[in-house]
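For reference, the structure discussed in these notes is given below.
One-based numbering, in listed order, for ligands and for the atoms of each.
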Amino acid sequence: MSKMQLLLGLLSLLSPAAEALDNGLALKPTMGWLHWERFMCNTDCDTDPDNCISERLYMQMADMMVKEGWKEAGYEYVCIDDCWPSHERDAQGRLQADPKRFPGGIKKLADYVHSKGLKLGIYADVGEKTCAGYPGSLGYYETDAQTFADWDVDLLKFDGCNLKWTLLGDGYIKMSKALNKTGRSILYSCEWPLYEWPFHTPNYTAIRETCNHWRNFNDVFDSWISIKSILDWTASYQDITVPSAGPGGWNDPDMLVIGNFGLSHDQQESQMALWAIMAAPLLMSNDLRDICPRSKELLQNRRIIEISQDPLGKQGYRSAKRNSFEVWERPLSKNRLAVAMLNLQEIGGPRGFAISGVPGWKVCDPQCNVTLILPQYEEMGVQTKESKLILKVNPSGTALLTVTPISKDFGRLHWKDTN
Ligand code: GLA
């Protein structure tokens with residue numbers, strides 16, 4: 001073996017398990033808004049014009065995204081989910097938007113969203129019909145990819161309903177190629193593994209080569225039980241899923257439901273913290289026209305978003321579970337670490353967690369700097385391996401912090417400088 005071969009071999013050991021879909025997109029977890037959880041398949045524009053799936057809804061969300069600081073915080077994609085199309089394809093076999101609810105058509109809507117400096121996402125399905133029964137793309141992959149490109153769409157969420165599971169891989173790969181062939185940059189959001197898990201363990205190498213993110217587990221609901229079930233699933237399968245995440249391709253635990261009805265503020269903080277730790281796409285599904293200031297502030301918290309968007313691009317994982325606490329850690333750039341401590345005891349008041357019990361706390365040997373981000377921002381200063389720091393965490397809440405190691409050399413230099 002030549003030195004070069006040896007070097008290449010070593011390098012391949014260091015790099016992520018698989019190549020990402022090479023379309024230059026989703027180098028960081030996608031940020032934006034997606035209609036499904038909050039607005040579902042509401043097509044009744046006669047009696048509920050403000051909440052029905054119509055061009056007005058996305059235009060208003062785009063307006064809010066610019067006006068209310070969402071765009072500035074990093075949220076970029078305004079995404080349509082199911083129930084947008086007409087039940088019939090046009091004479092050329094192309095999908096068309098429901099003419100009553102989208103009188104201007106999708107191209108006009110894309111122009112509008114682009115004029116605000118944002119991007120537009122659309123939804124389709126790999127099978128015969130979408131999950132809500134609208135026309136599916138089976139047999140039309142190239143036509144539909146070209147239609148979306150002609151409309152200047154920037155993201156496709158491709159669902160997996162109504163197709164035999166053995167055909168899923170073929171369908172998702174064909175659509176990925178069809179999108180690529182259009183020459184337009186279209187971020188490709190898949191649900192391939194979700195629909196395959198009931199039958200066998202998905203091939204995450206192939207999925208990462210095909211998609212920019214992929215749903216693994218059930219749809220999120222506006223409830224704490226739903227958030228907990230997603231976290232549980234993610235931790236149970238982390239050995240399989242975490243290595244497949246990285247720049248260009250991410251595991252997608254589904255939408256942020258912060259700002260709706262079902263989560264207490266502590267639970268909203270938990271979702272935000274853990275979605276950042278999981279390097280998850282941050283796709284909000286809420287009503288940006290009517291959102292409480294605390295939820296807004298949480299969703300726009302720049303320190304949490306910084307963790308989500310960290311350039312190292314490694315997904316975090318659950319590192320400990322004890323005494324009804326879970327510890328989740330995410331390695332960050334510059335040898336830093338993000339740590340979330342989730343209190344799962346839903347009785348009683350705030351409970352303390354000794355920070356030196358965090359498995360990754362070894363980076364604090366000899367010293368580290370700690371910044372608390374949730375439940376409130378606080379510089380906690382220099383800590384050591386033996387730190388006695390105890391953090392109080394509310395029931396179903398999360399303490400989120402970053403740990404920055406102070407190297408021995410730096411410690412010595414620092415000691416010399418100050419003495
Ligand atoms: C599936 C998906 C959801 C949503 C609906 C739409 O359930 O997982 O995210 O897109 O279909 O019908």
Side-chain angles (χ1 to χ4, degrees), residues 29-44 51-54 57-58 61 77-87 95 97-98 101-102 106 120-138 144 148 153-165 167-168 171-172 175 186-199 202 207 210-223 225-227 229-230 233-234 237 241 250-258 260 262 271 275 278 280-287:
T30 308
M31 291 178 69
W33 181 92
L34 174 61
H35 97 235
W36 186 255
E37 192 287 321
R38 177 65 188 251
F39 296 95
M40 300 189 74
C41 195
N42 180 351
T43 53
D44 184 2
N51 300 299
C52 68
I53 304 313
S54 72
L57 184 70
Y58 307 98
M61 291 307 156
Y77 289 83
V78 179
C79 303
I80 305 172
D81 208 287
D82 206 346
C83 307
W84 65 270
S86 152
H87 277 288
L95 287 171
D98 181 283
R101 294 180 284 118
F102 293 83
I106 304 293
L120 182 72
I122 206 161
Y123 167 100
D125 188 287
V126 69
E128 266 172 50
K129 281 184 184 318
T130 72
C131 299
Y134 289 81
S137 295
L138 185 65
D144 291 354
F148 300 145
V153 163
D154 306 291
L155 176 151
L156 172 65
K157 170 173 172 176
F158 209 40
D159 212 335
C161 276
N162 303 308
L163 187 68
K164 209 175 146 211
W165 76 271
L167 302 175
L168 283 166
Y172 273 100
M175 189 46 136
I186 300 179
L187 198 152
Y188 188 37
S189 166
C190 301
E191 300 203 29
W192 175 6
L194 163 60
Y195 290 91
E196 227 175 76
W197 267 112
F199 305 100
I207 291 167
T210 305
C211 307
N212 291 118
H213 27 90
W214 47 87
R215 285 273 308 283
N216 293 310
F217 186 63
N218 295 348
D219 292 2
V220 70
F221 277 49
D222 186 12
S223 73
I225 213 166
S226 163
I227 302 300
S229 71
I230 292 172
W233 188 93
T234 305
Y237 293 92
T241 56
W250 311 96
N251 289 292
D252 177 6
D254 211 2
M255 294 158 268
L256 293 167
V257 294
I258 297 165
N260 291 320
Q271 191 187 25
W275 261 237
M278 290 189 291
L282 300 180
L283 292 168
M284 309 178 277
S285 194
N286 50 17
D287 190 344

Protein residue, atom and distance nearest to atom 9 (O) of ligand 1, heavy-atom basis: K157 NZ, 2.8 Å

Ligand-side contact atoms (ligand 1) for residue partner E191, heavy atom cut-off under 4.0 Å: 2 (C), 8 (O), 9 (O)

Identity and separation of the nearest protein heavy atom to atom 12 (O) of ligand 1: D82 OD2, 2.7 Å

Enumerated ligand 1 atoms positioned under 4.0 Å from heavy atoms of R215: 8 (O), 9 (O)

Minimum non-hydrogen distance to atom 8 (O) of ligand 1, winning option of V220, D252, D219: D219

Contact partition for D159 relative to ligand 1, non-hydrogen atoms under 4.0 Å: side chain

Inter-residue atom distance Y77.OH - K157.NZ, 0.5 Å rounding: 15.5 Å

Any side-chain donor near an acceptor of the partner, N251 and W214, under 3.5 Å: yes

Separation of F158 CZ from T210 OG1 (nearest 0.5 Å): 12.0 Å

Any E37 heavy atom less than 4.0 Å from ligand 1: no

Top protein contact for atom 10 (O) of ligand 1, by heavy-atom distance: D81 OD1, 2.6 Å

Atoms of ligand 1 close to C131 [distance to a heavy atom under 4.0 angstrom, numbered from 1]: 1 (C), 11 (O), 12 (O)

Any donor-acceptor N/O pair, W36 side chain to S285 backbone, under 3.5 Å: no

Polar contact flag, side-chain donor to acceptor under 3.5 angstrom, D82-Y134: no

Contact check: W36 vs ligand 1, nitrogen or oxygen atoms, below 3.5 angstrom: no

Exam field: side chain Q271 to backbone M255, donor-acceptor pair closer than 3.5 Å: yes

Test side-chain contact (heavy atoms from CB on, under 4.5 Å) applied to D154 and I122, L120, I186, V78, the passing residue: L120

Sidechain-backbone polar pair: W197 side chain, P202 backbone, donor-acceptor under 3.5 Å: no

Whether M40 lies under 4.0 Å from ligand 1, heavy atom: no

D254, any N or O under 3.5 Å of ligand 1 N or O: no

